[in-house]
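A quick note: this is a predicted structure, and the numbers were derived from the prediction, not measured.
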Amino acid sequence: MISQSEKKVRNIRKQRQGIVISDKMNKTVVVYEITKVKHRYYGKSITKKKKYMVHDEKNISKNGDKVNIMEIRPVSKRKSWRLVSILKKSDG
């Protein structure tokens with residue numbers, strides 16, 4: 001039997017913020033996440049970049065939008081994130 005506290009810990013899903021760099025596919029966008037981290041030894045700031053294939057059911061996000069995404073079960077081979085909200089629309 002799983003206790004309530006264990007159940008809450010298991011259901012937490014990762015969330016990320018990024019910028020849409022491609023919206024050419026149907027119901028899928030590519031989101032680019034940029035994070036700044038300090039080097040463990042030297043202390044210099046390093047930018048780490050990562051691309052995510054994100055499920056966008058209603059095709060509402062466009063290039064340049066800042067979006068919030070959440071981890072889900074795999075939808076396809078490379079797509080296991082979904083669009084939660086659009087934080088800022090692009091100006092174009």
Side-chain angles (χ1 to χ4, degrees):
M1 190 79 187
I2 299 172
S3 67
Q4 290 288 21
S5 60
E6 286 180 33
K7 196 171 186 179
K8 284 183 181 178
V9 172
R10 286 177 54 191
N11 290 337
I12 295 173
R13 294 182 173 171
K14 295 176 191 168
Q15 291 204 356
R16 303 273 188 265
Q17 288 181 0
I19 297 170
V20 176
I21 58 169
S22 174
D23 62 346
K24 293 180 180 179
M25 293 171 275
N26 187 27
K27 295 188 179 182
T28 304
V29 293
V30 180
V31 174
Y32 201 59
E33 178 198 30
I34 301 170
T35 54
K36 276 195 163 189
V37 292
K38 280 201 172 227
H39 192 278
R40 283 193 324 210
Y41 183 74
Y42 296 111
K44 181 181 176 181
S45 290
I46 302 169
T47 56
K48 290 200 171 199
K49 305 161 203 116
K50 187 157 184 190
K51 285 199 272 188
Y52 296 100
M53 303 282 276
V54 178
H55 185 67
D56 181 9
E57 184 66 38
K58 297 173 185 163
N59 287 323
I60 54 175
S61 59
K62 301 294 175 205
N63 279 354
D65 291 353
K66 188 170 183 181
V67 294
N68 192 18
I69 59 175
M70 176 191 288
E71 191 177 40
I72 56 168
R73 66 180 178 81
V75 178
S76 65
K77 183 179 178 181
R78 294 184 57 212
K79 191 163 61 166
S80 59
W81 294 81
R82 76 171 173 88
L83 184 72
V84 176
S85 62
I86 299 174
L87 302 172
K88 185 178 177 188
K89 289 293 258 181
S90 66
D91 294 334

**Q** If you take all heavy atoms of Asn68 and Arg16, which pair is closest and at what distance?
**A** OD1-O, 2.9 Å
**Q** Can you name the nearest heavy-atom pair linking Glu33 to Tyr52, along with the distance?
**A** OE1-OH, 3.1 Å
**Q** Which atom names give the shortest non-hydrogen contact between Tyr32 and Lys51, and what distance separates them?
**A** CD1-CG, 3.4 Å
**Q** Applying a strict under-4.5 Å side-chain criterion to I, L, V, M, F, W and Y, I'd like to know whether Ile86 and Ile21 cluster together.
**A** no
**Q** Can you tell me how far the CZ atom of Arg82 sits from the NE2 atom of His55, to the nearest 0.5 Å?
**A** 9.5 Å
**Q** Less than 4.0 Å between a side-chain N and a carboxylate O, is that true for Glu57 and Lys27?
**A** yes
**Q** Can you name the closest pair of heavy atoms from Pro74 and Ser80 and give their distance?
**A** CA-CB, 3.9 Å
**Q** Of all heavy-atom pairs between Asn59 and Thr28, which one has the smallest distance, and what is that distance?
**A** OD1-N, 4.3 Å
**Q** On a heavy-atom basis, which atom in Val29 and which in Ser61 lie closest, and how many Å separate them?
**A** CG1-OG, 3.3 Å
**Q** Should we say atom NZ of Lys66 is surrounded by more than 12 heavy atoms from elsewhere, each under 6.0 Å from it?
**A** no
**Q** With the 4.5 Å side-chain cut-off for hydrophobic clustering, are Ile60 and Val31 part of the same group?
**A** yes
**Q** Any side-chain heavy-atom pair from Ile69 and Val67 closer than 4.5 angstrom?
**A** yes
**Q** Looking at Asp65 and Lys89, does any basic side-chain N land under 4.0 Å from a carboxylate oxygen?
**A** yes
**Q** When Ile, Leu, Val, Met, Phe, Trp and Tyr are grouped by side-chain heavy atoms lying under 4.5 Å apart, directly or through other members, which residues fall in the same group as Val84?
**A** Met70
**Q** Pairs under 3.5 angstrom only: tabulate donor-acceptor contacts from the side chains of residues 34-48 to other protein residues two or more places apart or in another chain.
**A**
| unit_1 | atom_1 | unit_2 | atom_2 | d |
| --- | --- | --- | --- | --- |
| His39 | ND1 | Tyr41 | N | 3.1 |
| His39 | ND1 | Tyr42 | N | 3.1 |

**Q** Could you tell me whether a side-chain N or O of Ser22 sits under 3.5 Å from a main-chain N or O of Val30, the two making a donor and an acceptor?
**A** no
**Q** Find out if a path of hydrophobic residues (ILVMFWY) with successive side-chain heavy-atom gaps under 4.5 Å connects Val20 to Val75.
**A** no
